[in-house]
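The shown structure was predicted, so the numbers you read here are calculated from the model rather than taken from an experiment.
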Amino acid sequence: MRVAVLLLALALQGCSVTRVAYNNADVVLRWQVDHYFDMEGEQTEQLDRGLAALLAWHRAEALPQYARLAGEMAARLQRGIKRQDLEWSYDALREQIRQTLVAAAGESAGLLDRLRPGQIEHVELRLADENRKFAKEEVQGTVEELRERRMKRNRERLEEWFGSLDDAQQERLRQYDARAPLTGALRERDRRRRQAEFLAMLRARDAGRRLAPWLERWESDREPAYARAMQAARDEYMQLLLDLDRTLSAEQRAHAVARLRRFGALFESLAQAP
């Protein structure tokens, strides 16, 4: 999951740094993998071959799809979005993540099945570190503090796309924050469950058989309470976006449309690079 999200993040950084970041994705990904798995000897050579194959696939297959999606999103935003546009965007993003997860599983399962016990312990320690960071940001604190952190993140994200929000738009964001359920504790429990399953898979040396289907279930096997909370939060966020769309100034809409079109052009350029 981390590899898929990292590849998407590298492709979606600010346009001024995306080309450099993406063209050095092998370095970034190798550092990330080594951070978790502490690769050594022949493992590093196999890792390099796997990353090269994954990135070649991503450039040839995923980036052209990103370019098409960015163009379509720009066109829909230009005319004004509807609920079905948001559902389409969400489903398209999920499908891109799914395809990348499947591709990553094909390149990594054999290597994962040859990890030493000490390396698996290293993975467990790194995951514990990540869990502490997640809990500090998403779980610890009063309800008011958690909502304030979430609102700050959402305001920053929205203003990246639309520019500064006016007072009425910020008030609508506050209403969203008051309505949408806090999901941090449920997400934390799901993270720990998935991590335990992954570590058990590594110890059983069964990634070759189980990794790809396990990764494809990254959303579908959530516990019912978590699934309901995530759906409720998603519904509230989509309604927020629909309400904001009706209040966008011409400048705000043009800002977001232009950003999407720049991304689309960049994705096309990166896909064609040798």
Side-chain angles (χ1 to χ4, degrees), residues 1-13 21 25 28-39 90 93-94 96-98 100-101 104-105 108 112 115 119-160 173 176-203 207 210-211 214-238 240:
M1 180 66 180
R2 178 174 293 272
V3 170
V5 172
L6 183 55
L7 279 171
L8 193 59
L10 288 172
L12 288 173
Q13 295 186 59
V28 178
L29 287 170
R30 188 177 183 208
W31 181 86
Q32 281 279 317
V33 173
D34 195 55
H35 175 74
Y36 279 89
F37 296 97
D38 193 24
M39 297 297 181
Y90 177 74
L93 177 60
R94 289 173 62 211
Q96 291 306 309
I97 293 175
R98 187 196 69 78
T100 304
L101 288 172
S108 63
L112 293 178
L115 292 178
Q119 290 174 305
I120 298 173
E121 292 177 7
H122 187 80
V123 175
E124 191 167 17
L125 290 173
R126 293 299 189 191
L127 291 175
D129 287 341
E130 291 293 324
N131 288 340
R132 283 190 287 272
K133 294 174 185 176
F134 180 88
K136 183 178 179 180
E137 180 65 21
E138 300 283 353
V139 180
Q140 296 170 7
T142 65
V143 169
E144 291 75 17
E145 290 170 336
L146 292 170
R147 291 192 180 279
E148 181 61 32
R149 288 178 210 157
R150 182 175 66 181
M151 191 170 76
K152 181 176 183 293
R153 290 193 300 269
N154 280 319
R155 183 171 60 246
E156 291 173 349
R157 187 178 302 121
L158 289 167
E159 290 189 336
E160 282 183 5
L173 177 58
Y176 157 79
D177 192 65
R179 297 171 186 170
L182 291 168
T183 59
L186 290 166
R187 289 169 61 200
E188 181 186 41
R189 189 160 65 203
D190 191 70
R191 281 167 60 96
R192 291 180 180 276
R193 175 184 65 83
R194 295 278 292 175
Q195 290 167 1
E197 292 172 354
F198 181 62
L199 290 167
M201 188 190 313
L202 296 183
R203 293 189 173 105
R210 292 161 52 189
L211 182 61
W214 180 79
L215 286 171
E216 287 199 85
R217 296 194 306 272
W218 66 283
E219 278 190 317
S220 62
D221 66 347
R222 290 171 173 170
E223 65 174 284
Y226 181 35
R228 287 194 298 271
M230 291 300 290
Q231 181 64 55
R234 185 161 59 250
D235 287 343
E236 287 288 351
Y237 196 74
M238 287 187 177
L240 166 67

Could you state the interatomic distance from [atom1] ([X]) to [atom2] ([Y]), rounded to the nearest 0.5 Å?
| X | Y | atom1 | atom2 | answer |
| --- | --- | --- | --- | --- |
| Met39 | Asp34 | CE | CG | 7.5 Å |
| Leu215 | Thr100 | CG | OG1 | 11.0 Å |
| Glu159 | Leu173 | CD | CG | 9.0 Å |
| Met151 | Leu158 | CE | CG | 11.5 Å |
| Phe37 | Leu202 | CZ | CG | 6.5 Å |

Could you tell me whether [X] and [Y] have a side-chain N and a carboxylate O separated by less than 4.0 Å?
| X | Y | result |
| --- | --- | --- |
| Glu130 | Arg126 | no |
| Asp129 | Arg132 | yes |
| Glu121 | Arg203 | no |

Distance under 6.0 Å and angle within 45° of ring axis: Arg191 vs Phe134
yes
Any side-chain donor-acceptor pair under 3.5 Å between Gln195 and Arg192?
no
Arg234 vs Gln231, side-chain hydrogen bond (donor to acceptor under 3.5 Å, both in side chains): CA-CA, chis, key distance, verdict
CA-CA 5 Å; Arg234 185 161 59 250; Gln231 181 64 55; 2.7 Å; yes
Where does the angle between the aromatic ring planes of Phe198 and Trp214 fall among parallel (under 30°), tilted (30 to 60°) and perpendicular (over 60°)?
parallel
Heavy-atom closest contact (Leu186 atom, Ala229 atom, distance)
CD1-CB, 3.7 Å
Ignoring hydrogens, what is the shortest heavy-atom contact between Leu127 and Tyr36? Give both atom names and the distance.
CD2-CE2, 4.0 Å
Do Asp190 and Glu223 touch side chain to side chain, with heavy atoms closer than 4.5 Å?
no
Arg94 side chain reached by Arg98 side chain, heavy atoms, under 4.5 Å
no
So, using side-chain contact (heavy atoms from CB on, under 4.5 Å) as the criterion, who are the partners of [X] when residues are at least two apart?
| X | answer |
| --- | --- |
| Gln140 | Ala135, Lys136 |
| Arg149 | Glu137, Glu145, Leu146, Arg153 |
| Glu160 | Arg259 |
| Asp221 | Arg193, Arg194, Glu197, Arg217 |

For residues 176-185, which side-chain N or O atoms pair as donor and acceptor with protein atoms under 3.5 Å away, sequence neighbours left out?
| from | atom 1 | to | atom 2 | distance (Å) |
| --- | --- | --- | --- | --- |
| Asp177 | OD1 | Arg150 | NE | 2.9 |
| Asp177 | OD1 | Arg150 | NH2 | 3.4 |

Evaluate the side chain to side chain contact (heavy atoms under 4.5 Å, CB included) criterion for residues Tyr226 and Arg187: first the C-alpha distance (whole Å), next the side-chain angles of each, then the deciding distance (0.1 Å), finally the verdict.
CA-CA 7 Å; Tyr226 181 35; Arg187 289 169 61 200; 3.1 Å; yes
Begin with the C-alpha distance, continue with both residues' side-chain angles, and end with the deciding distance and a verdict on side chain to side chain contact (heavy atoms under 4.5 Å, CB included) for Arg222 and Met230.
CA-CA 10 Å; Arg222 290 171 173 170; Met230 291 300 290; 3.9 Å; yes
His35: which residues meet the ring pair (Phe, Tyr, Trp, His ring centres under 6.0 Å) condition with it, sequence neighbours left out?
Trp31
Go through Leu211 and Met201 one step at a time and tell me if the side chain to side chain contact (heavy atoms under 4.5 Å, CB included) criterion holds.
CA-CA 8 Å; Leu211 182 61; Met201 188 190 313; 4.0 Å; yes
